[in-house]
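Have a look at the structure below before the remarks.
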There are 2 protein chains.
Amino acid sequence: MSWDTLSIVTTRRRGAALEEAILQAAVEELTEVGYRELTMDGVAARAGTAKNVIYRRWPSRAALCIAAYRHMLPTGPDSTPDTGSLRGDALALLTRANDRMSSPVGRILRQLLADIQSDPERMRELRDQVARAGVSHWLTVLARAASRGEVGQQALTPRVATVAVDLLRNEYALNGATAVSTEVLTEIVDQVFVPLASRD
Amino acid sequence: MSWDTLSIVTTRRRGAALEEAILQAAVEELTEVGYRELTMDGVAARAGTAKNVIYRRWPSRAALCIAAYRHMLPTGPDSTPDTGSLRGDALALLTRANDRMSSPVGRILRQLLADIQSDPERMRELRDQVARAGVSHWLTVLARAASRGEVGQQALTPRVATVAVDLLRNEYALNGATAVSTEVLTEIVDQVFVPLASRD
DNA sequence: CTCTTAAGATACTGCTAGTAGCTTAAGAGG
DNA sequence: CCTCTTAAGCTACTAGCAGTATCTTAAGAG
């Protein structure tokens with residue numbers, strides 16, 4: 001090797017440290033250019049390593065990006081809103097979901113999901129981890145409302161619990177990246193979720 | 001040109017005839033290999049022409065495929081089911097929607113939608129044409145049920161009318177290509193659509 | 001000190017979107 | 001029937017990217 005460059009003499013990273021550096025580079029590329037535009041060469045360059053080093057750890061671009069996506073998720077569990085009314089709680093939860101879906105993280109997730117459709121294996125991976133993540137919050141909110149007498153037993157099903165987020169997800173599927181307006185959120189809550197839960 | 005091949009001497013197609021042949025070739029490629037795997041060379045070869053001839057008509061692969069997708073849609077309008085009950089009508093409509101979404105045409109539409117996300121222009125094109133296509137059927141079904149006294153006025157909104165198909169679309173977004181089961185369809189109808197429409 | 005493992009560098013294959021430039025047939029207008 | 005314009009057809013090209021192969025060399029274990 002020639003020493004006529006200005007490069008700093010760095011120790012050669014190995015194992016976990018290197019893996020971490022690659023994932024970090026992938027996360028940065030994902031946030032900056034998104035999944036579609038991310039290239040393996042780009043990640044390798046940013047991580048200061050070479051493409052084949054990446055392929056020794058992940059079998060494909062998609063696999064690397066899924067790992068990077070996981071790596072960029074917020075860690076701690078978040079609290080369940082408690083506004084005192086079912087409507088308020090639902091709006092809070094739905095607004096939070098909308099914020100996430102319209103954030104870079106959400107955009108990346110949607111690009112990943114779209115690209116993975118043909119691979120049922122990875123599809124399950126992603127879906128089970130993230131899509132059903134918020135169910136417990138909705139069930140909690142419904143249970144509290146039930147104890148207040150606001151909702152009936154028929155509402156305590158996963159289908160009803162997730163209906164608002166499911167409809168929100170549909171908006172993104174139809175409209176693309178543009179964030180969903182507050183009007184649509186309240187429409188979903190007031191025309192679908194609350195009436196459905198409040199029945200009887 | 002050399003005549004030592006076995007090729008039939010064909011007249012050179014032009015204008016509308018050629019365009020039709022290209023679209024037909026694209027439709028066949030789409031149904032056989034899907035949007036992701038479709039290549040411009042493949043379409044050109046199948047149409048018996050060259051790539052640049054295609055590019056003289058459509059600016060990109062996506063544009064060609066959207067045109068081809070339109071070209072393969074069923075032409076005549078279909079009838080609104082009338083089973084005598086809201087539940088029966090809803091199941092019929094939802095089953096029909098599910099059949100379409102799980103068919104090759106549906107798969108192609110989803111691949112197209114996924115690939116177009118970053119292009120709001122083409123996004124609107126596709127969405128307005130197809131996604132909102134069935135709304136009138138749902139409104140008709142609801143109106144008939146309302147005249148029978150089965151549903152209240154609050155249900156006669158686009159949001160409520162499309163809620164079942166919206167939820168179905170969400171299933172496809174989450175699960176990928178696999179067709180949605182009858183159980184899920186009835187769950188959507190019985191736990192969401194009918195209760196929502198029947199309120200008061 | 002030595003030996004195994006894996007990081008790093010580089011070059012390569014194969015595929016595809018999209019472009020360029022030339023040749024030649026179709027068909028319109030005289 | 002002749003000519004001229006237009007566009008079809010052909011071939012070759014660029015550029016970018018996923019994934020692979022090979023060789024050299026540093027890290028770290030024993």
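Labels below follow one simple rule: chain letters A, B, ... track the order of the sequence lines, proteins then strands, and each chain is numbered from 1. No experiment lies behind these values; they were computed from the predicted model shown.
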Closest to side chain of [X], choosing from [options]:
{"X": "A:Thr39", "options": "C:dA17, D:dA18, C:dA26", "result": "D:dA18"}
{"X": "B:Tyr55", "options": "C:dG8, C:dA17, D:dG9", "result": "C:dA17"}
{"X": "B:Ser60", "options": "D:dA18, D:dA8, C:dG18", "result": "C:dG18"}

Please state how far atom [atom1] in [X] lies from atom [atom2] in [N], giving the value in whole angstrom units.
{"X": "B:Met40", "N": "D:dA12", "atom1": "CE", "atom2": "C1'", "result": "18 Å"}
{"X": "A:Asp115", "N": "D:dC17", "atom1": "CG", "atom2": "P", "result": "15 Å"}
{"X": "B:Arg57", "N": "D:dG9", "atom1": "CZ", "atom2": "P", "result": "9 Å"}
{"X": "A:Leu64", "N": "D:dG19", "atom1": "CG", "atom2": "P", "result": "10 Å"}
{"X": "A:Leu18", "N": "C:dA6", "atom1": "CG", "atom2": "P", "result": "12 Å"}
{"X": "B:Glu37", "N": "C:dC15", "atom1": "CD", "atom2": "C1'", "result": "12 Å"}
{"X": "B:Lys51", "N": "C:dA17", "atom1": "NZ", "atom2": "P", "result": "7 Å"}
{"X": "A:Arg13", "N": "D:dA26", "atom1": "CZ", "atom2": "C1'", "result": "13 Å"}

| Just wondering, are more than 12 heavy atoms of other shown residues or ligands nearer than 6.0 Å to CD in A:Glu20? |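 For A:Glu20, atom CD is crowded (more than 12 foreign heavy atoms under 6.0 Å).
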Base, sugar-phosphate, or nothing for [X], non-hydrogen atoms under 4.0 angstrom?
{"X": "B:Arg61", "result": "sugar-phosphate"}
{"X": "B:Ile54", "result": "nothing"}
{"X": "B:Ile22", "result": "nothing"}

| message | Within 45 degrees of the ring normal and closer than 6.0 Å to the centroid, is that where the cationic atom of B:Arg61 sits relative to B:Tyr55? | response |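 That pair does not qualify as a cation-pi contact.
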| task | Could you tell me whether the side chain of B:Arg56 has a donor or acceptor atom within less than 3.5 Å of a complementary atom in the base of D:dA8? | result |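 Such a pair is found, so the answer is yes.
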Looking at [X] and [Y], does any basic side-chain N land under 4.0 Å from a carboxylate oxygen?
{"X": "A:Arg46", "Y": "A:Glu32", "answer": "yes"}
{"X": "B:Asp119", "Y": "B:Arg124", "answer": "no"}
{"X": "A:Glu171", "Y": "A:Arg110", "answer": "no"}

| field | Partner nucleotide of D:dA29 by Watson-Crick or wobble geometry (both distances under 3.5 Å) | value |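 Matched D:dA29 with C:dT2 under the 3.5 Å cut-off.
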| Under 4.0 Å: is that the gap between some side-chain N or O of A:Arg14 and OP1 or OP2 of C:dG8? |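 No.
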| said: With a cut-off of less than 4.0 Å, is there a side-chain N or O of A:Thr49 near OP1 or OP2 of C:dG8? | reply: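 Yes, within the criterion.
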